[in-house]
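Heads up: the structure comes next, in structure tokens.
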Amino acid sequence: MKIFNSLTSKKETFKPKIKNEVSIYICGLTPYDDVHIGHARTFINFDVIVKFLRFIGFKVKYVRNITDIDDKIINRAREEDVPALDFSRKYIEEMHKDFLSLSIESPDIEPKVSDHIDEIISMIQSLEEKGYAYRKDESDVFFDIQKFKDYGKLANRTLDQLSAAERTIADLNKNHEADFVLWKIDTDGITWPSPWGEGRPGWHIECSAMSIKYLGEEFDIHGGGLDLKFPHHENEIAQAKCATDKKFASLWMHTGPLRIEDKKMSKSLKNFITVKDILKDFHPEVLRLFFLLTHYRSPIAYSKEGLENAKRVLDKFYTLFSNIKIPSKFNEDKSFREEFISVFQDDFNSPKAISLLQAYAGKAESGRDVSTDRLCTLKVLLNSLGLLLDETENYFKYGEFDLSIEEIEKLISDRNDARENKKFDLADKIRNQLANKGIVLEDLDGKTIWKKS
RNA sequence: GGCUGAGUGGCAGAGUGGUCAUGCAGCGGAUUGCAAAUCCGUCUACGCCGGUUCGAUUCCGACCUCAGCCUCCA
């Protein structure tokens with residue numbers, strides 16, 4: 001298996017530390033607003049990656065954190081006059097609901113920063129003992145990037161380049177402009193006592209502390225959205241390596257951004273579409289397939305047309321299996337499975353793997369190659385990506401309608417009466433009436449079924 | 001400005017030094033009361049300019065355009 005390593009900018013043969021086991025840490029969300037489809041992209045990508053690793057037989061330990069201490073949370077909570085952790089708890093619940101709707105599997109461990117203050121403090125202490133952390137007078141505690149010779153390796157940036165960057169606020173307590181906070185001194189908002197005084201952890205240290213706690217000082221894969229590469233992941237590496245003198249994560253993976261109108265979808269740009277909004281119109285698997293039709297490292301331009309295209313593709317798969325009963329016992333088509341795996345394990349090439357499945361589906365439809373074993377294998381492979389898991393009926397009737405099921409069925413029955421009596425004008429009128437409500441009819445083998453358009 | 005990535009047919013999107021991606025849409029046909037669904041057939045491509053090569057969309061160089069990061073961000 002090959003995986004692109006952001007640290008070396010090369011595809012590398014994947015060799016986990018322990019044979020057949022994978023330890024993976026993914027940076028999760030800061031819960032202070034609804035989950036948007038840019039987040040969904042990242043977590044669906046990693047969901048599929050973890051699923052695939054398990055599918056081919058790896059034992060995976062998957063950790064995905066929640067950053068529940070953050071200035072934005074504190075500020076928003078203050079605006080609403082509720083305790084910060086109550087505020088974030090509310091959005092954690094929303095996040096879990098959204099992820100469940102999207103069939104994103106829960107990680108094995110989902111640690112929160114607020115539960116790991118002790119680990120964070122002791123990591124900062126060891127950085128302090130080794131001379132990587134400093135403070136002036138009673139200032140915040142900073143990490144001294146000039147003491148860490150590999151600083152900038154992940155982002156491919158030198159200290160000079162970092163100095164040259166225009167920074168709006170220069171903190172006079174810092175040795176270098178790019179030094180970052182390990183412990184922020186504060187008495188307002190949510191704080192904990194520490195050897196340096198009342199305060200809270202800086203952003204970055206939590207992920208170093210929690211990944212090491214659950215996966216050890218050296219583990220296989222660390223990932224997240226591309227926007228976390230610098231400074232977040234760069235800083236994580238600095239802290240973890242300096243505190244432990246170990247390698248930390250061997251492989252770094254970053255998912256590409258979701259764009260909307262040629263800009264990255266992000267909370268700060270306020271150009272986001274929430275998961276809840278999308279799921280009003282589209283089945284969750286449509287969103288999943290929309291993402292999988294593009295490689296995880298490439299940017300995706302969000303568009304309604306793109307989602308509609310993904311829907312048509314998924315419709316075809318569901319239609320193919322709508323009349324096929326999958327037997328409980330069948331012989332898996334090994335060569336098909338192997339072909340799929342060999343494509344997918346080249347840096348998780350989902351678009352190529354799906355095109356392979358589409359080609360097989362096409363062959364099956366044409367009646368040229370309809371061995372049940374092969375069809376069943378196709379279903380297994382789609383399922384492995386988190387697709388084709390819903391009942392056909394549910395899938396095609398997903399969404400909101402203006403009409404009740406009873407009303408729809410009454411109209412269908414009226415139309416069929418009209419057809420029996422050759423009153424085709426009336427029949428077509430009823431069909432148009434339903435079409436205007438977003439319901440399409442199909443007359444199959446003397447039976448009429450309906451779908452949401 | 002620095003660093004990184006990308007520009008493929010109407011659209012999405014892989015890939016490759018010389019035979020086909022794949023799918024959606026379109027078009028023609030079968031089927032249907034007419035549609036839909038399904039089936040058969042089918043068109044359109046590699047940003048621009050040079051170079052290497054017998055041959056380049058694929059390798060090299062310049063240019064143009066776009067995006068991401070450099071400040072919070074998945």
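Bear in mind the structure is a predicted one, so any value in this text is a computation, not a measurement. Chain letters run A, B, ... following the sequence lines, proteins first and then strands; every chain starts at 1. Values below: every heavy atom of this structure, side chains too, minus hydrogens, waters and symmetry copies.
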**Asked** Hey, which of these two, A:Leu228 or A:Asp346, hits RNA chain B nearer its 5' end, going by closest nucleotide?
**Response** A:Asp346

**Message:** Work out how far the P atom of B:G15 is from that of B:C72, and round it to whole angstrom.
**Reply:** 34 Å

**Message:** Using a 4.0 Å heavy-atom cut-off, does A:Val440 contact any base of the nucleic acid, only the sugar-phosphate backbone, or nothing at all?
**Reply:** nothing

**Asked** Tell me, which of residues 414-431 of chain A have any heavy atom that sits under 4.0 Å from an atom in RNA chain B?
**Response** A:Arg415, A:Arg419, A:Phe424, A:Asp428, A:Arg431

**Message:** Any base atoms under 4.0 Å from A:Asp262, or only sugar-phosphate, or nothing? Heavy atoms, all strands.
**Reply:** sugar-phosphate

**Fill in**
Contact check, residues 264-284 of chain A vs RNA chain B, heavy-atom distance under 4.0 Å, returns A:Lys264, A:Met265, A:Ser266, A:Lys267, A:Ser268

**A:Lys263 vs B:A67: side-chain N/O to OP1/OP2 distance below 4.0 Å** = yes

**Prompt:** In residues 388-401 of chain A, which residues come under 4.0 Å of RNA chain B by heavy atom?
**Reply:** none

**Fill in**
Whole-Å distance, A:Glu339 CD to B:U22 C1', equals 13 Å

**Asked** Touch check for A:Glu305, heavy atoms < 4.0 angstrom, all strands: base, sugar-phosphate only, or nothing?
**Response** nothing

**Request:** Decide, yes or no, whether a salt bridge links A:Arg135 with A:Asp140 under the criterion of side-chain N to carboxylate O below 4.0 Å.
**Result:** no

**Prompt:** Looking at CG of A:Leu154 and NE2 of A:His254, how far apart are the two atoms once the value is rounded to the nearest 0.5 Å?
**Reply:** 5.5 Å

**Request:** Enumerate the residues from residues 292-299 of chain A whose closest heavy atom to RNA chain B is under 4.0 Å, giving them by residue number; use none for an empty result.
**Result:** A:Leu293, A:Thr294, A:His295, A:Ser298

**Asked** How long is the line joining CZ of A:Arg157 and P of B:C3, in whole Å?
**Response** 10 Å

**Message:** Checking contacts here: which listed nucleotide (B:A35, B:G23, B:C3) is nearest the side-chain heavy atoms of A:Asp443?
**Reply:** B:A35

**Prompt:** Does A:Arg89 come within less than 4.0 Å of A:Asp68, counting only side-chain N to carboxylate O?
**Reply:** no

**Prompt:** Quick one: do A:Asp86 and A:Lys90 make a salt bridge, cutoff under 4.0 Å?
**Reply:** no

**Message:** So for atom CD, which belongs to A:Glu80, do other residues, nucleotides or ligands contribute more than 12 heavy atoms lying within a distance under 6.0 Å?
**Reply:** yes

**Message:** Suppose we screen for side-chain contact (heavy atoms from CB on, under 4.5 Å). Which residues come up paired with A:Gln146, at least two apart in sequence or across chains?
**Reply:** A:Asp144, A:Leu159, A:Asn175, A:His176

**Request:** Look at the side-chain N and O atoms of A:Asn349 and state whether any lies under 4.0 Å from the OP1 or OP2 oxygen of B:G15.
**Result:** yes

**Message:** So A:Leu258, base contact, sugar-phosphate only, or nothing? Heavy-atom distance under 4.0 Å.
**Reply:** base

**Request:** Check the pair A:Lys184, A:Asp186 against salt bridge (charged side-chain N to carboxylate O under 4.0 Å, His left out), reporting the backbone distance first and the verdict last.
**Result:** CA-CA 6 Å; A:Lys184 187 173 177 59; A:Asp186 200 356; 5.9 Å; no

**Fill in**
Stems field, RNA chain B, Watson-Crick or wobble, 3.5 Å, at least 3 pairs, by first number, holds B:1-7 with B:64-70, B:10-12 with B:22-24, B:26-30 with B:38-42, B:49-51 with B:59-61

**Request:** Could you check A:Phe219 against A:Phe248 for ring pair (Phe, Tyr, Trp, His ring centres under 6.0 Å), going step by step and ending with a plain yes or no?
**Result:** CA-CA 6 Å; A:Phe219 56 94; A:Phe248 199 44; 5.3 Å; yes

**Prompt:** When all nucleic acid strands are considered with a 4.0 Å heavy-atom cut-off, which category describes A:Pro257: base, sugar-phosphate, or nothing?
**Reply:** base

**Prompt:** Within this structure, what is the CG-to-C1' distance between A:Leu307 and B:C11, rounded to whole angstrom?
**Reply:** 14 Å

**Asked** Quick one: A:Leu162 CG to B:C69 P, roughly how many Å, whole number?
**Response** 16 Å

Show which side-chain atoms of residues 298-308 of chain A pair as donor or acceptor with protein atoms under 3.5 Å away, not counting sequence neighbours.
from, atom 1, to, atom 2, distance (Å)
A:Ser303, OG, A:Gly306, N, 2.8

**Prompt:** How close or far is atom C1' of B:U71 from atom CG of A:Asn235, stated in whole angstroms?
**Reply:** 13 Å

**Request:** Can you tell me the distance, in whole Å, between the CD1 atom of A:Ile260 and the P atom of B:A67?
**Result:** 15 Å

**Request:** Would you indicate what A:Ala310 reaches in the nucleic acid, counting non-hydrogen atoms under 4.0 angstrom: base, sugar-phosphate, or nothing?
**Result:** nothing

**Prompt:** Does A:Arg200 come within less than 4.0 Å of A:Asp70, counting only side-chain N to carboxylate O?
**Reply:** no

**Asked** Side-chain N or O of A:Asn309 less than 4.0 angstrom from OP1 or OP2 on B:A12?
**Response** no

**Which residues share a side chain to side chain donor-acceptor pair (under 3.5 Å) with A:Asn394, sequence neighbours left out** = A:Asp390

**Message:** If you assign each of A:Ala301 and A:Glu308 to its closest nucleotide in RNA chain B, which residue comes earlier from the 5' end?
**Reply:** A:Ala301

**Length of the CG-C1' vector between A:Leu7 and B:U4, whole Å** = 15 Å

**Asked** With A:Lys429, which residues qualify under salt bridge (Lys or Arg N to Asp or Glu O under 4.0 Å), at least two apart?
**Response** none

**Request:** Can you tell me the distance, in whole Å, between the CG atom of A:Leu441 and the C1' atom of B:U32?
**Result:** 14 Å

**Asked** Does the side chain of A:Lys316 get closer than 4.0 angstrom to OP1 or OP2 of B:C24 through an N or O atom?
**Response** yes

**Request:** Please list, chain by chain and in numerical order, all residues satisfying ring pair (Phe, Tyr, Trp, His ring centres under 6.0 Å) with A:Tyr62, sequence neighbours excluded.
**Result:** none

**Among B:U4, B:A36, B:U22, the nucleotide that comes nearest once only the side chain of A:Leu444 is considered** = B:A36

**Request:** Go through the structure and list residues passing salt bridge (Lys or Arg N to Asp or Glu O under 4.0 Å) with A:Lys379, not counting sequence neighbours.
**Result:** none

**Request:** Please collect all salt bridge (Lys or Arg N to Asp or Glu O under 4.0 Å) contacts where either partner lies in residues 94-109 of chain A, sequence neighbours excluded, each pair once.
**Result:** A:Lys51-A:Glu105, A:Arg54-A:Glu105, A:Arg54-A:Asp108, A:Glu94-A:Lys97, A:Glu94-A:Lys276, A:Asp98-A:Lys276

**Complete:** OH (A:Tyr32) and NZ (A:Lys267) are apart, to the nearest 0.5 Å, by 4.0 Å

**Request:** Could you work out which one of B:A37, B:A14, B:G68 sits closest to the side chain of A:Glu442?
**Result:** B:A37

**Request:** Return yes if some donor-acceptor pair links the side-chain N/O of A:Glu234 with the main-chain N/O of A:Ala155 below 3.5 Å, else return no.
**Result:** yes

**Message:** Need one value for A:Gly306: base, sugar-phosphate or nothing, where a base atom within 4.0 Å counts as base even if backbone is also close, heavy atoms only.
**Reply:** nothing

**Item:** Under 3.5 Å side-chain donor-acceptor pair for A:Asn416 and A:Thr448
**Value:** yes

